[in-house]
Student: 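This is the structure, below, for whatever I ask next.
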Amino acid sequence: MNQKPRQVCTSCCWHIFLIPLYRQKTSGLKHLTPKKALGQHFLNDKGIAAKIVSSLKADDIRHVIEVGPGMGALTPMLLQEQRFDTRFVEVDTDAAAYLEAQYPDIKGKLVVADFLRYPLEQLFGDKPVAIIGNFPYNISSQIFFRILDYRSQVKEVVGMLQKEVAERIAAPPGSKTYGITSVLLQAFYDIEYLFTVHEHVFIPPPKVKSGVIRLARNRVEALPCDEALFFRVVKTAFNQRRKMLSNSLKSLLPADHAANPMLSKRPEQLGVHEFIELTLFVENK
């Protein structure tokens with residue numbers, strides 16, 4: 001009896017072809033499928049993975065945290081790197097099960113938790129750490145705000161994220177992409193855009209390119225102003241980035257404030273030091 005050929009939906013063919021690969025790798029575990037809700041796009045290029053890991057430059061940092069290892073594109077290289085003592089934080093229980101089956105050496109080093117809520121001091125106490133990862137697009141900004149919370153401990157970050165977001169974080173004053181994350185992160189870190197990663201090296205391929213950046217902690221222990229107010233000034237200014245600062249910061253300024261040349265500028269025209277001066281001006285009023 002002749003059977004009709006089975007039709008395949010081309011819109012999801014990557015899923016059909018990848019399932020056997022996942023099943024083979026997981027040695028009997030349920031196949032690992034990228035979860036859209038978690039923003040998962042698994043890197044599938046060992047050369048790029050090695051390039052990301054080698055971008056960690058701080059020789060004096062032994063303790064490393066990988067955020068969201070997923071299927072382990074970076075994980076085996078981090079496990080084999082003898083100069084690192086690495087912990088792996090993964091929120092997806094299926095991915096965690098896969099990692100434990102695929103990499104036995106990860107036992108005791110894998111934490112199944114949400115990085116955005118997990119207290120990092122439980123991993124290495126108050127020792128300096130480096131953070132690395134292929135950050136999910138949908139929470140990458142939140143990851144960097146979390147890093148800011150631990151800026152006294154996090155000395156280096158190497159992360160891959162959506163190209164536009166990576167460029168925004170590394171953007172200099174005057175750039176159209178310069179914004180809140182640019183100022184706040186550049187206040188405490190020296191930031192370098194390293195390289196671009198194209199869509200075809202991911203499973204499934206995202207609709208946008210990715211960028212890899214490195215953050216190295218600068219020597220600023222504390223800002224010479226009220227840091228909470230500094231954060232508020234920066235966020236308030238960029239919430240109305242097309243307006244002059246005299247208008248966007250009106251709620252923070254007294255009605256009879258003296259003229260200040262910076263108030264006639266727009267927020268993207270100010271660097272970190274000028275925002276510090278502006279915070280001091282607001283603070284002293």
Side-chain angles (χ1 to χ4, degrees), residues 14 18 21-22 25 32-57 64-81 84 86-99 102-103 106 109-116 118 120 123 129-147 154 156-170 181 185 191-215:
W14 65 268
L18 287 173
L21 174 63
Y22 292 153
K25 285 189 174 183
L32 185 59
T33 303
K35 297 176 181 176
K36 186 176 181 180
L38 295 177
Q40 291 176 334
H41 296 274
F42 297 138
L43 180 63
N44 194 33
D45 188 305
K46 290 183 178 180
I48 292 175
K51 192 174 180 181
I52 293 171
V53 172
S54 66
S55 296
L56 283 173
K57 297 298 184 183
V64 177
I65 301 169
E66 184 185 3
V67 178
M71 285 189 67
L74 311 181
T75 304
M77 300 175 193
L78 292 168
L79 286 170
Q80 293 168 11
E81 182 58 71
F84 296 150
T86 306
R87 298 293 181 271
F88 306 85
V89 181
E90 175 58 62
V91 70
D92 183 6
T93 55
D94 291 335
Y98 170 86
L99 291 167
Q102 187 75 357
Y103 307 109
I106 206 172
K109 298 182 177 183
L110 176 64
V111 177
V112 183
D114 183 352
F115 175 78
L116 299 179
Y118 190 79
L120 299 190
L123 297 175
V129 300
I131 289 178
I132 191 170
N134 302 329
F135 302 148
Y137 290 162
N138 57 346
I139 61 166
S140 59
S141 293
Q142 296 176 61
I143 288 173
F144 282 102
F145 281 115
R146 183 67 168 167
I147 287 168
V154 178
E156 184 179 18
V157 182
V158 173
M160 180 164 63
L161 52 156
Q162 185 175 337
K163 183 174 184 286
E164 289 76 8
V165 179
E167 290 175 333
R168 185 183 309 137
I169 290 172
T181 52
L185 287 166
I191 301 174
E192 182 182 4
Y193 185 96
L194 298 179
F195 56 91
T196 299
V197 181
H198 294 275
E199 304 91 324
H200 65 274
V201 298
F202 293 92
I203 300 171
K207 295 180 180 179
V208 294
K209 291 179 172 55
S210 301
V212 178
I213 57 175
R214 178 171 56 236
L215 283 66

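Counting begins at 1 with the first residue of the sequence.
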Student: Which heavy atom of V112 sits nearest to which heavy atom of T93, and what is that distance?
Tutor: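 Closest pair (atom of V112, atom of T93, distance): CG1-CG2, 3.9 Å.
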Student: In the structure I gave you, are the side-chain heavy atoms of I143 and V157 within less than 4.5 Å of one another anywhere?
Tutor: no
Student: Run the salt bridge (Lys or Arg N to Asp or Glu O under 4.0 Å) test against K109 and tell me which residues pass, sequence neighbours left out.
Tutor: none
Student: Could you point out which residue of I48, L194, T196, L161 forms a side-chain contact (heavy atoms from CB on, under 4.5 Å) with V212?
Tutor: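 So, applying the side-chain contact (heavy atoms from CB on, under 4.5 Å) to V212 and each of I48, L194, T196, L161, only L194 qualifies.
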Student: What are the two closest heavy atoms between V158 and S55, and how far apart are they?
Tutor: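 For V158 and S55, the tightest heavy-atom pair comes out as CG2-O, 3.6 Å.
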Student: For the residue pair T86 / E66, report whether a side-chain donor-acceptor contact shorter than 3.5 Å exists.
Tutor: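 E66 vs T86: no donor-acceptor pair found between side chains.
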Student: If every non-hydrogen atom of G72 is compared with every non-hydrogen atom of Y103, which pair is closest and at what distance?
Tutor: O-OH, 3.5 Å
Student: I need the minimum non-hydrogen distance between Y193 and A166, along with the two atoms involved.
Tutor: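 Smallest interatomic distance, heavy atoms only, reads CE1-CB, 3.8 Å.
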Student: Just do the side chain to side chain contact (heavy atoms under 4.5 Å, CB included) check on V208 and Y137 with the steps written out, would you?
Tutor: CA-CA 10 Å; V208 294; Y137 290 162; 3.7 Å; yes
Student: Sequence neighbours excluded, which residues qualify as salt bridge (Lys or Arg N to Asp or Glu O under 4.0 Å) partners of R87?
Tutor: D85
Student: Between CG of L123 and CZ of F88, what distance do you get to the nearest 0.5 Å?
Tutor: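 Here the interatomic distance stands at 11.5 Å.
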Student: Nearest 0.5 Å, please: how far is CD1 in I147 from CD1 in I131?
Tutor: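 Here the rounded value is 4.5 Å.
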Student: Using 0.5 Å steps for rounding, measure from the CG atom of D45 to the CZ atom of F202.
Tutor: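 With rounding to 0.5 Å, CG (D45) is 9.0 Å from CZ (F202).
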Student: Between R168 and E164, is there a salt bridge with N-O shorter than 4.0 Å?
Tutor: no
